[in-house]
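Letters A, B, ... are given to chains in the order of the sequence lines, protein chains preceding strands, and every chain is numbered from 1.
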There are 2 protein chains.
Amino acid sequence: MADVNPVLLDEQLCFSIYSASKKFNHFYQSALAPFGLTYPQYIAMLVLWEKAPLTVHQLGDRLELDSGTLTPLLKRLEKQGWVSRVRSQTDERQVLIHLTEMATTKRDEVYSRIGQCQNLLGMSGDEIDSMMSELVTVKEQLDNVSHRRLITKEVDKVN
Amino acid sequence: MADVNPVLLDEQLCFSIYSASKKFNHFYQSALAPFGLTYPQYIAMLVLWEKAPLTVHQLGDRLELDSGTLTPLLKRLEKQGWVSRVRSQTDERQVLIHLTEMATTKRDEVYSRIGQCQNLLGMSGDEIDSMMSELVTVKEQLDNVSHRRLITKEVDKVN
DNA sequence: GGCAATTTAATTGTATACAATACTCTGGAA
DNA sequence: TTCCAGAGTATTGTATACAATTAAATTGCC
C-alpha cells in the first residue's frame with residue numbers, strides 16, 4: 001500500500017459529470033413539463049423525429065440503452081400517445097417504433113421550446129463544441145479501458 | 001412557429017454528458033467490483049472517508065441527493081458492513097452515519113485501486129482541471145435557470 | 001430440410017433518483 | 001406549558017438503468 005493518495009470528491013471529474021448530468025435532467029424535465037416528457041423519453045423522441053420508424057435495437061444503439069430500459073419507456077410513450085409499437089412483418093423478432101400523428105404534429109413545438117430554453121443557458125456554440133469534443137476524448141478512453149477489460153485484468157496483474 | 005430549428009441528438013451537450021456519466025458509472029462499478037460497491041455507494045464512502053460521522057442531510061448536501069435516495073443506499077452500505085446508522089442522542093431527528101472498522105481498514109485499498117484504475121485513463125491533471133472548470137460554468141448556468149424558474153415562467157411569457 | 005447458434009425483445013431482479021407525503025422531534029411563541 | 005411551524009428522516013410511487021435470463025424468430029451450416 002505504498003502508492004496511496006487520498007481521493008477527494010471535489011477533485012473527481014466523474015462527480016462533476018454525474019452532477020451536471022442530473023442538473024441537465026432536471027432542466028429538460030422542467031422545460032418539457034408542458035409536454036409531459038422525461039429526459040430519457042425526450043432523447044428517444046429526438047432520435048425518432050430524426051428517423052422513424054426504428055427498431056428497439058436501432059434506437060438503443062443511438063441512445064446507448066438496452067431493451068430492459070427501452071421496452072418500459074416505449075410502453076409509456078405509447079400510452080401517452082407519442083409512438084406506436086408494431087411487430088415487424090418481415091422479421092417478427094423486431095418491434096418497429098413509429099411516430100403517431102400527434103408526435104409529428106408536436107415536433108416543431110418541442111423543437112421551439114427546447115431552443116428557447118437553451119437560449120436561457122447563454123452558452124455559445126464554441127463553448128458547447130469545445131466541451132463536447134473534450135467529452136468525446138473522455139468517453140473514448142472509458143470505452144477503451146472497458147473494452148480491453150483492463151480494469152479487472154491488468155490492474156490485478158500488477159498486484 | 002417561426003423560430004424552429006431541428007434538434008439533433010448528436011449536437012446536444014446534455015447527451016454527451018449523460019452518456020459520459022453512464023460510462024464513468026460502469027468504469028467505477030468495474031473498478032470497485034472487488035469491494036462490491038456501486039458508483040453512488042462509492043461517492044458516499046468518499047465523503048465519509050473525508051469526514052465521518054455525518055448526518056444524512058450533510059451527506060446529501062455534498063452528494064446532491066435527498067433522503068429518498070440516501071436512506072435505502074445507506075441501509076445497503078450498512079448491511080454490507082461499511083457504515084453504521086445511529087440516531088443522534090442530542091437530536092433524535094438526525095441519523096449519524098459512522099464508518100465501521102472495516103471501512104476504515106479498507107480505505108487505503110480503495111484509494112489505491114482507484115488511483116491505479118484512473119491511471120489507465122491516461123488523462124493529465126490539466127485536462128481534468130480544464131474540463132471540471134467548464135463543467136462548473138455549465139452547472140452554474142443550469143442552477144441559475146432552475147432557481148429563477150425561468151423555464152416555466154419567462155419562456156411562457158414570451159408565447 | 002433440419003437444427004444449433006444467433007438475434008431480438010421482453011422479463012426479472014436489484015439499485016438508483018426524485019417528487020410528494022408521512023412522521024417524529026425540536027425550538028420558539030402565545 | 002402547550003401548541004405549532006419547521007427540520008430531519010423515512011416511506012411511497014414512478015421512472016430510469018442494467019445484468020441476467022427467457023422466449024421466440026431467424027440464420028447458417030451441414
Take the protein atom CD of B:E92 and the nucleotide atom P of D:dT9, then report the distance between them rounded to whole Å.
13 Å

So A:S21, base contact, sugar-phosphate only, or nothing? Heavy-atom distance under 4.0 Å.
nothing

What is the separation between atom CG on A:L74 and atom P on C:dA9, rounded to the nearest whole Å?
10 Å

Rounding to a whole Å, what distance do you find between B:Q89:CD and C:dC25:P?
13 Å

Below 4.0 Å: OP1/OP2 of C:dT11 and any side-chain N or O of A:K75:
yes

Rounded to whole Å, please give me the gap between CG in B:L70 and P in D:dT11.
14 Å

Under a 4.0 Å threshold between the charged nitrogen and the carboxylate oxygen, would A:E78 count as salt-bridged to A:R85?
yes

Between C:dT24 and B:R93, counting only base atoms on the nucleotide and side-chain atoms on the residue, is there a donor-acceptor pair under 3.5 Å?
no

Which nucleotide sits closest to the side chain of A:T71: D:dT9, C:dT26, C:dA10?
C:dA10

Do side-chain atoms of B:T100 reach the backbone of B:G81 as a donor and acceptor pair under 3.5 angstrom?
yes

Establish, with yes or no, whether the OP1 or OP2 oxygen of D:dT9 is under 4.0 angstrom from a side-chain nitrogen or oxygen of B:R85.
no

Between B:Y42 and the options B:W82, B:F35, B:Y111, B:Y28, the ring-ring contact (aromatic ring centres under 6.0 Å, His included) test singles out B:Y28

Say whether A:L70 and A:L96 are linked into one hydrophobic cluster, either directly or through other cluster members, by side-chain heavy-atom distances under 4.5 angstrom.
no

B:T105 side-chain N/O to B:E101 backbone N/O, donor-acceptor pair under 3.5 Å
yes

Test of ring centre spacing under 6.0 Å for A:F24 and B:F15:
no

So how far off straight is the helix from C:dG1-D:dC30 to C:dA30-D:dT1, going by the axes through five pairs at either end, to 10°?
10°

Between C:dA9, D:dA10, D:dT26, spot the one nearest the side chain of B:V56, thanks.
D:dA10

Test item: side-chain donor near acceptor, A:Q118 and B:Q12, under 3.5 Å:
yes

Length of the line joining B:L37:CG and C:dT14:P, which is rounded to integer Å:
18 Å

Please round to the nearest 0.5 Å and tell me the distance separating atom CG of B:L59 and atom OG of B:S67.
11.5 Å

Flag, side chain of B:S19 to backbone of B:S16, donor-acceptor distance under 3.5 Å:
no

Output one letter per nucleotide in nucleotides 15-21 of chain C: B when a protein non-hydrogen atom lies under 4.0 Å from the base, S when only the sugar-phosphate is that close, - when neither is.
SBBBB--

